[in-house]
Amino acid sequence: MSEQSITPRSVDYSRWYLDVIREAELADYGPVRGTMVIRPYGYAIWENIQRSLDQRFKQTGHVNAYFPLFIPYSFLQKEKEHIEGFSPELALVTIGGGKELEEPLVVRPTSETIINYMFAQWIKSYRDLPLLINQWANVVRWELRTRPFLRTLEFLWQEGHTAHATYEEAEEEALRMIGVYRDFAENEGAVPVIVGRKSRLETFAGALHTYTMEAMMGDKRALQAGTSHHLGQNFAKAFEIRYLDENNELQYVWQTSWGLSTRFIGAIIMVHGDDKGLRLPPRLAPIQAVIVPIWRKEDDKGVVLEAVEQVRCLLADAGIRVEADLREQRTPGWKFNFWEMKGVPVRVEIGPRDVESGTVVLARRDLPGKEGKVTGVPVEQAVARIRQLLDEIQASLLEQARAFRDANIHDVSSYEELREVIATGGWARGWWAGSDEDELRVKEETGATIRCFPLDQPEGPGTCLMTGQKAERIAIFAKAY
RNA sequence: CGGGGCGUAGCGCAGUCCGGUUAGCGCGCGUCGUUCGGGACGACGAGGUCGGAGGUUCAAAUCCUCUCGCCCCGACCA
């Protein structure tokens, strides 16, 4: 541990984050300010995220489609709050084929408008409902301050768009999908989240209300890791999405939209990473086990490599994502550090001693040094032991993150207490009945915002920490990314 | 857009105040050899419009003017 290519988290968390992204080869900067290249290793994580989510979407009855990148500017203007919310961050195309366009085109910041324009043509009858569509796409938002994965001019995401016959059905859908996100975040990403409802100020532009899942990063700041909106009939009215119900009467549809982006990769980095680099949850890790061969004499090389290949095949056949690091220019020690940087959950070491005894050495990424190392594992047991290890690591990462988060959420009953908690970097939880102005004041004075009103609420009512009035629900305040 | 800082090899920097041979260091990169159970070592080597333009000067990485870009802090945000 001599080379210090990663800034320790305690020294500069933000530098650490950028160092990890560079050293683990997740992403690189693009030539245009605020853009990034997702490198193969980072993209492989995204592909696993896609696979996990897509499967869940299909299971809940959604189908994939693709809508155009360009949207007529006038579409955005059809929904008043929507355009007000997005207009500062729109990228506009005004010239096409060398000619000034009659109407500027918006590079989609989100696809509500164009999708609903199409929905209006597809939906005629209650028999067409519910319409449950998802698309995997890139979107563009001209942000002022950018950070890889967390906020870039262009990012990848999925956006679900649905239309329903009733308020209740749309509400159920919005809740179902935030539930799907939670299931994904906790069970695949090992990222514990608090699911709740956004305050009026933080609600998506054009929605009735917004559900969110909030995760605590390693520096205790909050990250909105996925959102689900009940759009009500706002877009239906703007785009005339109507259907004939059973009584032959025209009705506007009720809608939802929900999205999760490459930002989630940022969450994985910041929730699990340590001073040695990434720690990837096994279910999303591009490489779940890496084999490092070790030999001293040329004589050993042949038998070691043979054993490595044998074990590699065993693991691969068992469906474990495995890679053998056969580079001869690197020492085993160097490789250990390299793959720890990359966050690979399990390392398999095979040297002459192991070959002789028909065993392997297993090391787990979530436990440092010798503590996480088991020697003398018989080759025949390798698959079973590694499977078990992967499960343990998956569970352990979630548990560690949950313990850290819970230790840093503090109940507060006064504004003074809230300020103290926020000043130390934690999350503050307390009864809230304040106004928009009160909320803005908190933001201005402490830097914290209401992350959400958790769906899980204690017995009420309580007393508002700000106004002293009777409050029906608790809110969580935190500084956020 | 306001405040602060920085542009010299792929990366990190020194040199700039006080102009002067061939612009240097560490890491990385290439070749060869010895190494290899927690970031090995040696030898040789490749790599530079000193962010850009203009000016001052016998002479500019260094001084002057303009310009471009990046980073950090604030106002907006998945």
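On a predicted model such as this, the values are computed, not experimentally measured, just so you know.
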Using purine N1 to pyrimidine N3 plus N6-O4 or O6-N4 for Watson-Crick, or N1-O2 and O6-N3 for G-U wobble, each under 3.5 Å, what pairs with [N]?
N     : answer
B:A53 : B:U65
B:C1  : B:G74
B:G28 : none
B:A23 : none
B:G39 : none
B:C18 : none
B:G47 : none

Whole angstroms only, please: what is the [atom1]-[atom2] distance between [X] and [N]?
X        : N     : atom1 : atom2 : value
A:Glu143 : B:A75 : CD    : C1'   : 13 Å
A:Arg22  : B:C71 : CZ    : C1'   : 14 Å
A:Arg221 : B:A78 : CZ    : P     : 14 Å
A:Ile294 : B:U35 : CD1   : P     : 18 Å
A:Tyr29  : B:C70 : OH    : P     : 12 Å
A:Arg330 : B:C27 : CZ    : P     : 13 Å
A:Asn337 : B:C36 : CG    : C1'   : 14 Å
A:Leu153 : B:C70 : CG    : P     : 11 Å

On a whole-Å scale, what distance lies between the [atom1] atoms belonging to [N] and [M]?
N     : M     : atom1 : answer
B:G15 : B:C6  : C1'   : 16 Å
B:A46 : B:G3  : P     : 47 Å
B:A14 : B:G26 : C1'   : 11 Å
B:C63 : B:G7  : P     : 12 Å
B:A9  : B:G55 : P     : 25 Å
B:G2  : B:G19 : P     : 34 Å
B:G24 : B:G47 : C1'   : 14 Å
B:C50 : B:A23 : C1'   : 8 Å

Nearest-neighbour nucleotide for the [X] side chain, [options] considered:
X        : options             : result
A:Leu144 : B:C76, B:G39, B:G37 : B:C76
A:Arg296 : B:G39, B:G37, B:C36 : B:C36
A:Val361 : B:G38, B:G37, B:C76 : B:G37

> Aromatic rings A:His62 and A:Phe57: how do their planes relate, parallel, tilted or perpendicular, breaks at 30° and 60°?
Replying inline: perpendicular
>> Tell me whether the rings of A:Phe338 and A:Trp334 are parallel (<30°), tilted (30 to 60°) or perpendicular (>60°).
In response: parallel
>> Run the side-chain contact (heavy atoms from CB on, under 4.5 Å) test against A:Ser357 and tell me which residues pass, sequence neighbours left out.
In response: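 Result, side-chain contact (heavy atoms from CB on, under 4.5 Å) vs A:Ser357: A:Thr359.
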Regarding [X], tell me which of base, sugar-phosphate or nothing describes its non-hydrogen contacts under 4.0 Å with the strands shown.
X        : value
A:Leu260 : nothing
A:Trp157 : nothing
A:Gly351 : base
A:Ser228 : nothing
A:Arg327 : nothing
A:Pro352 : base

> Got a second to check how far A:Ile6's CD1 is from A:Glu23's CD, nearest 0.5 Å?
Replying inline: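 The CD atom of A:Glu23 is 6.0 Å from CD1 of A:Ile6, to the nearest 0.5 Å.
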So, are [X] and [Y] salt-bridged, with charged N and O less than 4.0 Å apart?
X        : Y        : value
A:Glu439 : A:Arg200 : no
A:Asp325 : A:Arg330 : no
A:Arg279 : A:Asp366 : no

> When A:Leu284 is tested against each of A:Asn48, A:Val191, A:Ile265 for side-chain contact (heavy atoms from CB on, under 4.5 Å), which residue passes?
Replying inline: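 With A:Leu284 as partner, side-chain contact (heavy atoms from CB on, under 4.5 Å) holds for just one option, A:Asn48.
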Considering just the side-chain nitrogens and oxygens of [X], establish if one lies under 4.0 Å of OP1 or OP2 belonging to [N].
X        : N     : answer
A:Arg353 : B:G37 : no
A:Arg145 : B:G74 : yes
A:Thr331 : B:A40 : yes

>> Pick the closest RNA chain B nucleotide for A:Glu328 and for A:Ser14 by heavy atoms, then say which residue is nearer the 5' end.
In response: A:Glu328
> Want to settle it: does A:Glu349 or A:Phe155 sit nearer the 5' end of RNA chain B, counting the closest nucleotide to each?
Replying inline: A:Glu349
> When only distance counts, do a donor and an acceptor, one from the side chain of A:Lys373 and one from the base of B:G38, lie under 3.5 Å apart?
Replying inline: yes
> Do the side chain of A:Glu340 and the base of B:G38 come within less than 3.5 angstrom through a donor-acceptor pair of N or O atoms?
Replying inline: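 Flag set: donor-acceptor pair detected.
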